[in-house]
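The sequence lines fix the lettering, A, B, ..., with proteins before strands; numbering per chain opens at 1. Values reported hereafter were calculated over all heavy atoms of this structure, with side chains retained and with hydrogens, waters and symmetry mates removed.
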Amino acid sequence: MDVTLKVWRQDGPEAPGRFETYEATDISDHMSFLEMCDIVNEKLVERGIEPFSIDSDCREGICGMCGIMINGHPHGDQLGTATCQLHMRKFSDGDEIVLEPWKATGFPVIRDLVVDRSSFDRIIEAGGYITVPTGSAPDANMVPVPKAVADVAFDAAACIGCGACVAACPNSAAQLFTSAKLAQLNMVPQGQPERYDRVVAMVDTMEEFFGSCTNHGECEAACPKSITIDFIAMMNKDYIKAKFKNRRLLGQKA
Amino acid sequence: MSNIVLDAKVPEGPLEEKWSNARFDLKLVNPANKRKYEILIIGSGLAGASAAATLGELGYNVTMITYHDSPRRAHSIAAQGGINAAKNYHNDGDSIFRLFYDTIKGGDYRSREANVYRLAEVSNEIIDQTAAQGVPYGREYGGLLDNRSFGGAQVSRTFYSRGATGQQLLLGAYQAMARQIELGKVKLYNRMEMLDVVVHEGRAVGVVARDLITGEIRSFSGHAVVLATGGYANAYYLSTMAMMCNGTAVWRAHKHGALFANPSFTQIHPTAIPASEEFQSKLTLMSESLRNDGRIWVPKDKNETRSPDQIPEAERDYFLERRYPAFGNLVPRDVASRAAKVMFDEGYGVGPLKNGVYLDFAEAIGRLGKDVIEQRYGNLFEMYERITDENPYKVPMRIYPAPHYTMGGLWVDYHLMTTIPGLYAIGEANFSDHGGNRLGASALMQGLADGYFVLPNTIGDYLSDQLGTDPIPTDHAAFKTGEKAVKDQIDELIAINGTRSPDYFHRELGKVMIAEVGMARNEDGLKRAISEIRRLRDEFHKDVKVTGSNESFNQTLEKAGRVADFLELAELMAIDALNRRESCGGHFREESRTPEGEALRDDENYAYVAAWEFNGVGEEPTLHKEQLVFENVELAQRSYK
Ligand SMILES: Cc1cc2nc3c(=O)[nH]c(=O)nc-3n(C[C@H](O)[C@H](O)[C@H](O)COP(=O)(O)OP(=O)(O)OC[C@H]3O[C@@H](n4cnc5c(N)ncnc54)[C@H](O)[C@@H]3O)c2cc1C
Ligand code: SF4
Ligand code: FES
């Protein structure tokens with residue numbers, strides 16, 4: 001098949017952007033979307049034109065490195081799918097495809113389709129961990145975790161940190177990302193001692209970089225890991241509780 | 001040629017006491033002095049992130065350099081199946097000694113006993129550590145940890161987090177490191193690519209790196225440098241590795257005098273999705289855990305045209321179960337891959353390119369129900385369907401062997417130090433624990449063992465001697481020379497201004513490597529490979545095209561530098577394979593096999609680690625041998641029958 005790409009090109013963070021049009025010809029159905037981009041880019045290199053910058057690494061939907069707006073949708077419009085997992089069989093001959101970077105103040109453009117998502121690292125640094133100095137842990141089976149809890153913790157932990165939730169949000173809010181990490185850690189027994197400090201630290205840091213959530217729910221639809229917005233509700237509840245929770249009573253059950 | 005003497009520094013005493021003896025004998029740095037040291041760590045995968053977290057906790061000042069946009073993206077994130085430990089939670093006869101024994105045997109007796117025993121010893125602590133970090137491991141209904149089995153073992157010792165164990169363990173280590181970043185003990189430099197090691201007066205004193213956003217070439221100085229830069233299986237172009245994985249860091253260290261051990265030892269994993277066409281950019285792994293429940297077969301008739309579910313039992317050849325009744329579908333990876341290759345070579349391959357074998361779940365679904373299979377492998381089945389457009393609950397998967405892991409790497413002693421004092425290599429970047437073949441679920445174990453438990457104990461021995469010395473300032477001539485060399489190389493790449501993209505050369509190299517330095521190797525083929533690689537390298541330096549400049553974000557330039565190094569490293573892989581005229585583990589020399597066609601080791605002549613010294617590009621490297629001594633296991637031809 002042949003498709004036409006309209007690609008956002010921007011030389012640097014401060015440079016003005018523009019669309020360039022490239023033809024992708026003789027594309028096979030079996031190709032992944034990024035393989036199609038590779039071919040277009042390789043041809044550009046051989047013609048001496050700088051290829052468009054685009055991030056990817058694992059190409060299996062797990063590292064979170066890829067992620068662009070495709071025809072206005074983060075990671076394209078296929079549910080539960082990262083950019084690298086899209087296949088050309090879902091497109092048709094003659095399609096025009098628009099490629100743009102995430103647009104959010106929390107994610108400044110580096111070049112073309114590549115953005116800086118370091119703000120996500122800052123949120124994790126603020127409290128997205130359980131403090132366990134190496135070597136100090138008890139035997140792993142000393143702390144049983146009910147299977148149902150472990151399963152939901154995993155669902156939350158599946159977040160790949162791609163940023164599509166922010167890109168999808170009209171307010172560029174990062175609630176889905178932040179709440180997923182909080183849900184994972186705040187749900188399991190090991191996470192209880194730091195639970196309330198964690199939620200405050202992470203939410204406050206998040207607000208330094210990102211907008212506020214007004215419950216549009218676009219994030220859930222855009223998320224390649226189908227992370228649920230129920231976690232946002234959990235986060236909000238914990239955040240409010242944290243404000244009046246007496247930390248000295250945290251050792252008590254219920 | 002220099003007069004290098006390989007001293008593995010294996011501690012005295014019986015095997016079980018070596019690690020505790022070592023910890024007692026090693027010199028320590030007292031807690032108040034730790035903050036006087038700067039340690040540079042390159043790479044934020046399992047090995048690097050866990051080391052940074054732990055060293056930071058101990059009080060050292062750590063600088064973390066990674067070319068990724070976030071430490072969380074390191075290739076470790078993609079590990080699917082699981083991590084081994086000798087917990088014996090299942091009461092099925094596991095023990096530290098058994099894990100040690102399985103790993104030595106699985107590696108076909110080409111690894112160092114003391115290192116492997118230590119790995120088995122600390123495996124249990126890794127599970128404790130990571131469970132406490134909140135890693136969401138698979139659990140039983142009673143809330144305790146669940147296990148599955150992996151190839152090469154007859155016990156269930158693999159801990160897992162659905163099909164994303166690497167992701168969850170990496171996030172655990174990344175988060176522990178993030179805490180140290182917040183506390184100011186670890187400084188993170190992301191999108192920063194290390195391009196050279198700086199060696200001054202015989203010691204590693206820092207690195208030169210390129211800021212991938214601005215192109216700035218800059219130096220970092222420290223008391224010690226740790227390479228945690230992962231494996232180099234992308235020398236084959238098509239592999240299960242992430243797109244950016246490369247050998248640049250270890251290769252450039254090698255050029256400064258770090259010996260490279262067993263470079264040809266590559267693991268070809270039996271269960272990847274077959275390549276479909278020329279444009280393919282990478283191969284996708286289907287976790288080995290699938291072999292717990294999936295059965296591998298090909299049709300008995302070479303010209304079979306029926307859809308697999310229409311082929312009756314009697315007309316299928318379950319070739320692994322037939323050839324290896326004791327381990328069946330769970331033989332180690334090298335054995336499974338070669339057995340599949342025999343089937344393709346004889347014309348029994350399935351699929352449009354006749355390059356696959358079936359991995360069939362029908363029997364398991366019948367026995368356990370679709371729900372159980374979905375619970376265990378749901379995300380892998382989904383991944384398969386996305387890529388192939390086929391539903392593995394209904395038709396068997398088609399799988400194909402793919403380069404997946406490199407057992408070879410920088411030579412390190414028991415302390416994980418390379419032959420350059422002050423330069424360490426941890427995780428997949430070193431050669432240390434897997435011999436000729438790595439068992440499934442053992443790389444995560446090794447990366448975390450190195451980072452959490454081994455290096456933080458051993459590095460003090462080197463650092464203690466340097467108390468009171470400051471790191472060399474980065475305006476010192478040693479750094480300036482390093483920066484200039486890096487800059488010159490970049491300018492040279494851009495100046496070639498040829499006609500072919502870096503990817504073109506990478507693909508061509510991959511074709512040579514998989515054909516001649518792949519699953520089966522022979523003298524003629526390896527010699528052909530060496531001259532082919534040299535020819536390709538010359539062509540690259542005449543005809544590569546790098547667009548853009550150094551002074552901006554330039555992915556073509558990044559790629560070109562990595563391909564240039566692969567073109568040199570690949571030659572060493574072939575030279576090493578040519579030197580080793582025996583079959584062992586993943587290294588199968590057609591000249592060395594038993595009458596039944598199984599790999600035949602030659603312990604008399606090759607029970608050594610081949611550690612190569614660099615003498616210049618295209619020059620014959622010098623071979624140094626570390627003789628392997630086996631005091632606790634008896635060398636036997638591996639048998640999984
Ligand atoms: C698909 C797949 C599945 C796997 N599944 C399993 C499994 O189930 N169980 C198991 O035990 N093992 C598994 N493995 C193997 C295992 O994942 C790896 O061996 C292991 O994660 C390597 O970890 P590492 O820390 O050594 O390196 P990596 O995770 O590769 O990290 C390398 C780091 O170095 C950085 N880096 C490299 N070069 C430079 C440079 N020049 N400058 C700056 N930074 C640099 C990178 O940015 C990255 O942060 C799997 C491997 C693959 C490919
Ligand atoms: S919540 Fe979903 S969309 Fe947001 S970063 Fe995580 S995986 Fe990406
Ligand atoms: S490239 Fe890793 S998630 Fe897409």
- Query: Hey, which of B:Y141, B:F159, B:Y89 has the most heavy atom pairs under 4.5 Å with chain A?
  - Reply: B:Y89
- Message: Is there a side-chain contact between A:D26 and B:F279 in this structure, where contact means two heavy atoms from C-beta onward sitting under 4.5 Å apart?
- Response: no
- Task: Could you point out which residue of B:M241, B:K282, B:M243 forms a side chain to side chain contact (heavy atoms under 4.5 Å, CB included) with A:D57?
- Result: B:M243
- Go through the atoms of B:D69 and report whether side chain, backbone, both or neither lie under 4.5 Å from a heavy atom of chain A. both
- Query: Pick from A:I39, A:D55, A:L86: which one has the most heavy-atom pairs with chain B under 4.5 Å?
  - Reply: A:D55
- Mind ranking A:M142, A:R89, A:R111 by heavy-atom pairs under 4.5 Å with chain B and telling me who comes out on top? A:R89
- Item | Residue part contacting chain A, namely of B:L283, when any heavy atom lies under 4.5 Å | backbone
- Item | Side chain / backbone / both / neither for B:M244 at chain A, heavy atoms under 4.5 Å | both
- Query: Can you say whether B:Q80 sits under 4.5 Å from chain A via the side chain, the backbone, both, or neither, judging by heavy atoms?
  - Reply: side chain
- Which of B:K87, B:H75, B:E382 touches chain A most, by non-hydrogen pairs under 4.5 Å: B:K87
- Item | chain A contact via B:I387 - side chain, backbone, both or neither, heavy atoms under 4.5 Å | both
- Task: Heavy atoms only: give me the nearest B:L145-A:A140 pair and the separation to one decimal.
- Result: CD1-CB, 3.4 Å
- Message: Can you tell me which of A:P144, A:G191, A:G127 forms the most heavy-atom pairs within a distance under 4.5 Å of chain B?
- Response: A:P144
- Message: Between B:Q129 and A:V132 (side chain of the first, backbone of the second, donor and acceptor by atom type, cut-off under 3.5 Å), is there such a pair?
- Response: yes
- Item | Winner by heavy-atom pair count (cut-off under 4.5 Å) against chain B, out of A:T134, A:V143, A:D121, A:D151 | A:T134
- Message: side-chain contact (heavy atoms from CB on, under 4.5 Å) for A:L185 and B:Q175? Distances and angles first, verdict last.
- Response: CA-CA 11 Å; A:L185 300 176; B:Q175 288 161 201; 4.2 Å; yes
- Item | B:T130, part contacting chain A, at a heavy-atom distance under 4.5 Å | neither
- Query: Is it the side chain or the backbone of B:L171 that comes within 4.5 Å of chain A heavy atoms, both, or neither?
  - Reply: side chain
- Message: Can you give me the closest heavy-atom contact between A:Q190 and B:A132, atom names plus distance?
- Response: CB-O, 3.6 Å
- Rounded to the nearest 0.5 Å, how far does OG of B:S281 lie from CE of A:M31? 10.0 Å
- Query: Do the side-chain N and O atoms of B:S70 and A:R117 include a donor-acceptor pair separated by under 3.5 angstrom?
  - Reply: no
- Message: For A:E60, which atoms come within 4.5 Å of any heavy atom of chain B: side chain, backbone, both, or neither?
- Response: both
- Note on the structure: Here the gap from B:R72 atom CZ to A:I160 atom CD1, rounded to the nearest 0.5 Å, amounts to 8.5 Å
- Task: Write down the atom of B:A164, the atom of A:F154, and the distance for their closest heavy-atom approach.
- Result: CB-CZ, 4.0 Å
- What's the shortest heavy-atom distance between A:Q184 and B:P136, and which atoms? NE2-CD, 3.7 Å
- Task: For each of A:G161, A:G48, A:A153, A:A150, tally heavy-atom pairs with chain B at distances under 4.5 Å, and name the one with the top tally.
- Result: A:G161
- Message: As an exercise: rank B:I126, B:D389, B:V546 by heavy-atom pairs under 4.5 Å with chain A and give me the winner.
- Response: B:D389
- Trace of the side-chain contact (heavy atoms from CB on, under 4.5 Å) decision for A:S118 with B:N190: CA-CA 9 Å; A:S118 311; B:N190 62 338; 3.5 Å; yes
- With only heavy atoms counted, which part of A:P133 is less than 4.5 Å from chain B, the side chain, the backbone, both or neither? both
- Any chance you could measure A:R47, atom CZ, to B:K545, atom NZ, to the nearest 0.5 Å? 12.0 Å
- Task: Please round to the nearest 0.5 Å and tell me the distance separating atom CD1 of A:I62 and atom CG of B:N379.
- Result: 7.5 Å
- Here the pair of heavy atoms bringing A:F120 nearest to B:Y174 is O-OH, 4.4 Å
- Item | N-O pairing of B:R507 and A:E42 below 4.0 Å | yes
- Heavy atoms of A:I124 and B:A178 approach each other most closely as CG2-CB, 4.0 Å
- Task: Flag the one option from B:Q555, B:R179, B:E125 with the top tally of heavy-atom pairs under 4.5 Å to chain A.
- Result: B:R179
- What part of B:T556 gets closer than 4.5 Å to chain A, counting heavy atoms only: side chain, backbone, both or neither? side chain
- Item | Option in A:H30, A:R59, A:K43 with maximal non-hydrogen atom pairs under 4.5 Å from chain B | A:R59
- Electrostatic pair A:D116-B:R191, nearest N-O below 4.0 angstrom: no
- Task: Would you mind checking which part of B:Q167 comes under 4.5 Å of any heavy atom in chain A, side chain (CB onward), backbone (N, CA, C, O), both or neither?
- Result: side chain
- Message: Under 4.5 Å from any heavy atom of chain A, what part of B:Q375 do you find: side chain, backbone, both or neither?
- Response: side chain
- Message: Taking side chain as everything from C-beta outward and backbone as N, CA, C, O, which of these in B:I127 sits under 4.5 Å from a heavy atom of chain A? Side chain, backbone, both or neither.
- Response: both
- Do the side chain of B:R73 and the main chain of A:C63 share a donor and acceptor less than 3.5 angstrom apart? yes
